[in-house]
Amino acid sequence: MIKDRIQELMQQVQDMQAQSTEQMEALRIKYLSKKGEITELFNQFREVPKEEKKELGMQLNALRTMAESKLQEMKEVFEAQKAAEDKPDLTRTPEPIPLGTRHPLSLTKEEIIDIFSRLGFTVAEGPEVEDDKHVFGMLNFAPEHPARDMQDTFFVEKEDGVQKPTDVLLRTHTSSVQTRVMTSQKPPIRVLCPGRVYRNEAISARAHCFFHQIEGLYIDKNVSFADLKQALMYFAKEMFGPDTKIRLRPSYFPFTEPSAEMDISCNICGGKGCGFCKQTGWVEILGCGMVDPNVLESCGIDSKEYTGYAFGMGGERITNLKYRVKDLRLFSENDVRFLRQFEAC
Ligand code: DAH
């Protein structure tokens, strides 16, 4: 009886087929689960007379092994099919990869560097945490100059935690890099110094406790104010368009003599007068002048042999003119809705 049943099941197991993993599982349950037909035979096997046990036992084991290996084979086929389905389709059109954007202040900085590099300027950098000597002293600031006041400048605390004017401070302008370059290099010097600067200001749309400047310095024999004017005119036209005009107004900076502030014809109304330029047709973009002989001497450069010009401009100001970003706070909030608007730039 049991022998016939084994033969019957052998045949069934041999013919076993499944179209899906569900069908495969149903077969497993049918034959090999606790109540499965093969398991059932093992239960009946206990009642088989001793002398038949050996042969029937072998047949039964063979049946179970055959069922198990057939199911295992099926499983492997289904797994291989699934893996093939999950494989990436290399012929498919790729999904667009979202690109990041460059910060508008970086875009401006890079454009300025690019323009001045065509005039032979290279980039120099200096520390943001500076000392009084490089930020003020060597730049001809009088000892009692208000920039040295705690109201204007961030001084770095001494270890006792009490904030008071110390020798260590956050640089208030990139002119400090001038002194570093002049003391470490010999003329001719032609550098552009971009960087972050800090001032003790309440944060608003028009003022921030940190912002960016780009400084220029050119020292050589026979450098004149005409050279300065020519370089700045070239810059203005490259940056704001060939119709841009420049205007220099006398000014004062401790480190330049003579000093000037430069305006460009308003690039929004073309100089006719608008709300942006307060109907004047001009907007101020930088400070400049001939390097004061005292500065050259304090940096170890012979002021009888060499002269030079310097200029400094605000990165945010130029970016505002170029991209109309009016609120300074936007530059440091890192709001992607703002930054994404520069994707095409
Ligand atoms: N350091 C000045 C400031 O922070 C800007 C400046 C003016 C830099 C005139 C210069 C210069 O090099 O010649 O306002």
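Numbers here simply count residues along the sequence, with the first being 1. Just so you know, ligand 1 is whichever comes first in the structure, and atom 1 is the first atom listed for that ligand.
The shortest distance between side-chain heavy atoms of F45 and K53 falls below 4.5 Å.
At a threshold of 4.0 Å, the pair E37-R5 counts as salt-bridged, since one of the basic side-chain nitrogens sits closer than that to a carboxylate oxygen. Between K322 and E111 there is a salt bridge, since a side-chain N of the basic residue sits under 4.0 Å from a carboxylate O of the acidic one.
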What does the N/O contact table under 3.5 Å look like for ligand 1?
residue, atom, partner, partner atom, Å
ligand 1, 1 (N), H173, ND1, 3.0
ligand 1, 1 (N), S175, OG, 3.0
ligand 1, 4 (O), R199, NH2, 2.8
ligand 1, 4 (O), Q213, NE2, 2.9
ligand 1, 12 (O), Q178, NE2, 3.2
ligand 1, 12 (O), E215, OE2, 2.5
ligand 1, 12 (O), F311, N, 3.4
ligand 1, 12 (O), F311, O, 3.4
ligand 1, 13 (O), A310, O, 3.1

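Between the R171 side chain and the G195 main chain, no donor and acceptor come within less than 3.5 Å of each other.
Summarising the local packing, NZ of K75 is surrounded by 12 or fewer heavy atoms from other residues, nucleotides or ligands at distances under 6.0 Å.
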Do any side-chain atoms of residues 202-209 form donor-acceptor pairs under 3.5 angstrom with protein atoms, and if so which ones, sequence neighbours left out?
residue, atom, partner, partner atom, Å
S204, OG, R206, N, 3.2
S204, OG, A207, N, 3.2
H208, NE2, S332, OG, 3.3

